[in-house]
Amino acid sequence: MKTESFDAGNDNAVLAEMVMSSAFLARVAPHWDRHSFPSHWQNEVAGWCVEHHGRHRKAPRRGIRAYFRQWAENAPSQDDADTMSRFLEWVSQSREQRGKLDAGLATDLLAKGWNGVRIDRLVEQVGQFKDAGQTDRALELIQGFKKVDLGTGAAVDPFLDEASMRAVHERERLEPLVEYPDSCGDLKAFFHGHLTRNCLVGFLAPEKAGKSWWMMDVACRARQARKSVLYFDAGDMTADQVDERLHTRASGIPFRAGSGGWPMTVSWPTSIKPLKGEEDLPVVGRKTLTFDAQRTFKQTVRACRRSQENLKAGPDHSFFRRACFSNGSVNVARLRSIVEGHAAEGFHAAVIVVDYADILAPENARVDRRHQFDDTWRALRAMSEDYHCLVVTATQANRESYKSRTTRGEHVSEDKRKRAHVTSLFTISATEEERGEGVCRLGIADWRNGRPLPPVYVAGCLALGQPAVRSCFIGKRKDG
């Protein structure tokens with residue numbers, strides 16, 4: 001065994017799930033053979049996992065060491081035993097840093113990898129028979145080829161397949177990728193059940209109403225929860241503008257002065273209480289923060305390092321990657337290729353933010369403009385399903401929304417079919433008076449997951465990169 005450095009790519013990420021996840025191992029164990037992985041040592045570890053599952057109906061986890069010790073007694077050399085030991089340690093540490101892969105994503109990655117190995121083996125064997133003049137044998141191999149039928153598109157009987165039954169009960173499938181803390185108030189209940197895997201979530205609002213702020217807020221909170229985030233700006237802001245907001249949020253120190261220059265005062269919400277009338281402004285308690293000067297480069301560096309340390313995953317382990325494009329220069333197909341490129345490096349996005357869908361280039365520029373929008377939203381929905389992730393984006397409200405106090409689902413611009421593709425569509429509303437008080441209203445227009453709750457008033461502090469600091473339901477909350 002010559003491998004001294006270990007690849008963090010898909011094969012080893014999937015192998016780590018076989019070692020650690022009983023639900024995942026139950027899905028894939030029946031499909032494994034001694035040649036499923038590209039290397040002998042990967043298949044050795046996989047064999048231990050399958051053997052353990054056959055005996056105990058669960059993943060070996062720490063028990064993998066017992067299989068290793070037994071194997072090491074007859075290892076080809078001490079160097080091989082030492083390398084295998086280091087590999088097992090690396091598997092444990094890398095998974096702890098990366099976090100658990102979603103079972104659906106891991107299954108898709110495994111099927112793709114194992115089928116690739118089978119194809120390579122088939123090509124080699126067919127070539128050997130062809131060179132030997134045994135074309136009939138070569139054709140028999142081609143006709144008898146069977147792919148690993150797992151993951152998306154696989155046909156199973158949900159009444160007979162135990163692995164499918166187990167998958168429904170996997171707690172991680174329904175766990176929120178983004179969860180608002182109790183200190184934020186009622187936003188935790190408002191978003192509950194909506195920000196999970198395999199979902200496409202949209203924010204609907206007029207221009208300059210805070211859509212980008214809310215998408216960034218979701219992305220930052222996902223990172224704080226140690227979820228891998230891919231943040232795409234499709235031309236709404238430049239890379240410098242995106243980073244300025246991110247660094248302001250991380251440091252809690254403004255980069256730009258208000259109209260009054262420096263020193264700058266900022267109003268930070270400390271509490272919020274609704275009044276009885278639904279159109280009455282809430283009572284927001286605030287404290288005043290004063291900043292004497294612009295944030296310095298050193299302050300930015302310290303804040304970013306502190307933010308990374310809080311993740312407790314090593315100074316170089318990334319949970320957030322952003323890419324910015326000029327307006328109309330990138331479509332969903334291009335974004336998919338970028339997502340897959342990061343996945344090949346071992347960065348599997350749990351949350352993908354696209355700011356924002358309406359300015360993406362069309363998937364097919366030859367069709368009618370209305371169908372172009374439908375194609376884009378359909379492709380975003382497919383992205384959430386294919387990568388088993390949460391996709392968050394936004395759309396502009398139409399001109400009728402400017403006449404309305406509250407943004408509603410019927411205010412979707414261009415093509416109403418956008419609403420058919422989202423799993424949740426949140427609305428952002430604010431009158432001039434509300435904007436002046438630093439508050440907005442979030443409502444929900446469409447949903448498949450979670451449950452509809454009354455709208456919430458939200459008080460934020462955009463000067464410090466925080467759109468959601470305190471919140472409260474408007475009117476009486478209806479549970480049940």
Partner set under side-chain hydrogen bond (donor to acceptor under 3.5 Å, both in side chains) for [X], not counting sequence neighbours:
X: Ser251; result: none
X: Thr107; result: Arg27
X: Asn115; result: none
X: Arg334; result: none

Can you list the residues that meet the salt bridge (charged side-chain N to carboxylate O under 4.0 Å, His left out) rule with [X], with sequence neighbours excluded?
X: Arg65; result: Glu89
X: Glu244; result: Arg256
X: Asp243; result: Arg322
X: Glu340; result: none

> With a 4.0 Å cut-off, would you call Asp355 and Lys211 a salt bridge?
Replying inline: no
>> Does this structure show an ion pair linking Arg221 with Glu179, if we count only N-O contacts that are shorter than 4.0 Å?
In response: no
Using a distance-only test with no angle check, is there a side-chain donor-acceptor pair under 3.5 angstrom linking [X] and [Y]?
X: Lys418; Y: Thr395; value: yes
X: Asp11; Y: Gln42; value: no
X: Ser22; Y: Arg61; value: no

>> Taking the cut-offs as 6.0 angstrom to the six-membered ring centre and 45 degrees off its axis, would you call Arg286 and Trp268 a cation-pi pair?
In response: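 Not satisfied by the 6.0 Å and 45° rule.
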> Within 45° of the ring axis of Phe319 and under 6.0 Å from its six-membered ring centre, is that where the NZ or CZ of Lys227 lies?
Replying inline: no
>> Quick check against the 3.5 Å criterion: does Arg197 have a side-chain atom that pairs as donor or acceptor with the backbone of Leu390?
In response: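 No.
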> What pairs with Val301 under side-chain contact (heavy atoms from CB on, under 4.5 Å), at least two apart in sequence or on another chain?
Replying inline: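 Per chain and number, Val301 pairs via side-chain contact (heavy atoms from CB on, under 4.5 Å) with Phe297, Arg305.
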> Mind checking what makes side-chain contact (heavy atoms from CB on, under 4.5 Å) contact with Ala72, not counting sequence neighbours?
Replying inline: Phe68, Ala81
> Does the salt bridge (Lys or Arg N to Asp or Glu O under 4.0 Å) test come out yes or no for Arg470 and Asp186, once each step is laid out?
Replying inline: CA-CA 8 Å; Arg470 296 287 185 270; Asp186 289 331; over 6 Å; no
> Tyr356: what forms a ring-ring contact (aromatic ring centres under 6.0 Å, His included) with it, not counting sequence neighbours?
Replying inline: none
>> Tell me every residue that passes ring-ring contact (aromatic ring centres under 6.0 Å, His included) with Phe190, counting only those two or more places apart in sequence or in another chain.
In response: Phe426
> Under 30°, 30 to 60°, or over 60°: which ring-plane class applies to Trp114 and Phe37, parallel, tilted or perpendicular?
Replying inline: perpendicular
> Of the non-hydrogen atoms in Leu195 and Val201, which two are nearest, and what is the gap between them?
Replying inline: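 The answer is CD2-CG2, 4.1 Å.
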